[in-house]
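See structure below.
Basis for what follows: all heavy atoms, side chains included, without hydrogens, waters or symmetry-related copies. Computed from a predicted model, the values in this text were never measured in an experiment.
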Amino acid sequence: MDATLLLWPAAALLLCWLVGVHARLKRLRSACWLAVDALDRGLQSLLLVAKEALDRPDPATKAHEVLTVAALQLSLSVKTMKSAKLMAVRQEEALALGAQWVEMAHAWELFCGVHQEIIEEQALQELRRAWDEAHNHALFAKTTANQVMHDYNAALLQAPASWVAGRMGFLPATPL
């Protein structure tokens with residue numbers, strides 16, 4: 001009789017603890033997804049600025065081609081990142097996204113340098129302002145996403161949660 005009196009409160013306490021761990025990890029994972037969505041919006045705004053620049057009726061140059069290819073590669077990486085829902089993204093895909101972002105930035109600088117005489121100065125300044133704004137938004141979103149993912153991964157490794165997180169289906173996030 002005494003053992004069952006102690007067993008029921010212990011089982012209830014264990015169940016409440018498991019529900020709490022699950023809720024915390026679920027909340028942190030949701031924050032990761034929201035941060036990746038913000039990064040996606042930032043990168044999409046970069047791609048929109050590049051598209052606006054490429055849609056100008058200027059003569060096609062090698063810089064057009066380089067920027068077009070860089071934008072397509074970045075767009076494909078962003079789609080892969082979104083379809084992976086953050087948790088399935090492998091380290092190689094995260095590194096590829098970062099490398100393609102850097103390549104896109106270099107292609108943008110090449111485009112602006114080549115088109116200084118072709119595009120009127122006011123229009124080029126407006127494009128550069130839009131690019132800088134979108135780039136800063138994306139950098140902030142990337143930093144936020146990496147911090148949130150770090151917090152999530154740290155929570156997965158903490159002693160009580162680490163005992164059950166894998167069994168509950170929580171996988172580590174890959175920082176970008």
Side-chain angles (χ1 to χ4, degrees), residues 17-55 63-112 126-176:
W17 174 78
L18 284 172
V19 168
V21 166
H22 185 268
R24 177 174 183 242
L25 292 176
K26 198 171 176 183
R27 185 178 63 249
L28 288 170
R29 184 175 59 186
S30 178
C32 288
W33 286 342
L34 290 173
V36 169
D37 284 341
L39 177 61
D40 176 54
R41 286 190 304 275
L43 292 175
Q44 291 297 336
S45 63
L46 277 177
L47 291 170
L48 284 174
V49 172
K51 182 183 181 315
E52 182 182 333
L54 291 170
D55 285 346
H64 266 88
E65 182 181 328
V66 171
L67 185 58
T68 301
V69 169
L72 286 174
Q73 288 176 342
L74 183 62
S75 178
L76 289 174
S77 286
V78 168
K79 286 180 183 175
T80 300
M81 175 186 69
K82 288 294 290 179
S83 66
K85 279 293 192 188
L86 171 75
M87 299 302 151
V89 174
R90 295 186 304 267
Q91 185 70 26
E92 305 85 41
E93 292 170 347
L95 291 174
L97 178 69
Q100 288 163 354
W101 188 353
V102 169
E103 187 179 321
M104 174 85 167
H106 290 307
W108 176 256
E109 289 303 319
L110 175 67
F111 179 86
C112 288
E126 184 62 30
L127 283 173
R128 283 184 184 211
R129 187 201 56 75
W131 173 270
D132 288 342
E133 185 178 307
H135 188 71
N136 289 337
H137 178 304
L139 283 175
F140 180 75
K142 178 183 176 189
T143 303
T144 302
N146 284 338
Q147 182 60 47
V148 169
M149 287 181 213
H150 174 72
D151 293 345
Y152 170 74
N153 288 338
L156 287 178
L157 296 175
Q158 288 177 349
S162 66
W163 302 335
V164 294
R167 291 182 186 94
M168 290 182 174
F170 292 99
L171 304 172
T174 304
L176 305 169

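In this view, Lys51 and Asp55 satisfy the salt bridge (Lys or Arg N to Asp or Glu O under 4.0 Å) rule, not counting sequence neighbours. Residues satisfying the side chain to side chain contact (heavy atoms under 4.5 Å, CB included) test with Thr144, not counting sequence neighbours, are Phe140, Val148. In this view, Asp132 satisfies the side chain to side chain donor-acceptor pair (under 3.5 Å) rule with no residue, not counting sequence neighbours. Taking Ala38 as the reference, Arg41, Ala141 meet the side chain to side chain contact (heavy atoms under 4.5 Å, CB included) condition, with sequence neighbours excluded. Judged as a side chain to side chain donor-acceptor pair (under 3.5 Å), and not counting sequence neighbours, the contacts of Gln100 are Ser77. Taking the side chain to side chain contact (heavy atoms under 4.5 Å, CB included) definition, one finds that Thr143 meets it with nothing, sequence neighbours left out. Applying the side chain to side chain contact (heavy atoms under 4.5 Å, CB included) test to Leu47 and every residue at least two apart in sequence or in another chain returns Gln44, Ala71, Leu74, Ser75, Met104. Judged as a salt bridge (Lys or Arg N to Asp or Glu O under 4.0 Å), and not counting sequence neighbours, the contacts of Glu126 are Arg129.
Pairs passing the ring pair (Phe, Tyr, Trp, His ring centres under 6.0 Å) check and including a residue from residues 34-53, sequence neighbours excluded, do not occur. Contacts classified as side chain to side chain donor-acceptor pair (under 3.5 Å) and involving residues 102-111 (residues at least two apart or in different chains) are not found.
When every heavy atom of Leu39 is checked against every heavy atom of Ala138, the shortest pair comes out as CD1-O, 3.6 Å. Considering all non-hydrogen atoms of both residues, Tyr152 and Cys32 come closest at CB-SG, 3.6 Å. The two residues Glu52 and Leu127 come nearest to each other via the heavy atoms OE2-CD2, 3.7 Å. Contact between Ala155 and Arg24 at its shortest, heavy atoms only, is CB-NH1, 3.6 Å.
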Using distance only, find each side-chain donor-acceptor pair of residues 160-173 under 3.5 Å and give its atom names and separation, not counting sequence neighbours.
residue	atom	partner	partner atom	Å
Ser162	OG	Gln158	O	3.2
Ser162	OG	Ala159	O	3.0
Trp163	NE1	Ala159	O	3.2
Arg167	NH1	Trp163	O	2.7

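Looking at Met149 and Val36, their side chains come closer than 4.5 Å, going by heavy atoms from C-beta outward. Leu156 has its side chain within reach of Leu25: a pair of non-hydrogen atoms, C-beta onward, lies under 4.5 Å apart.
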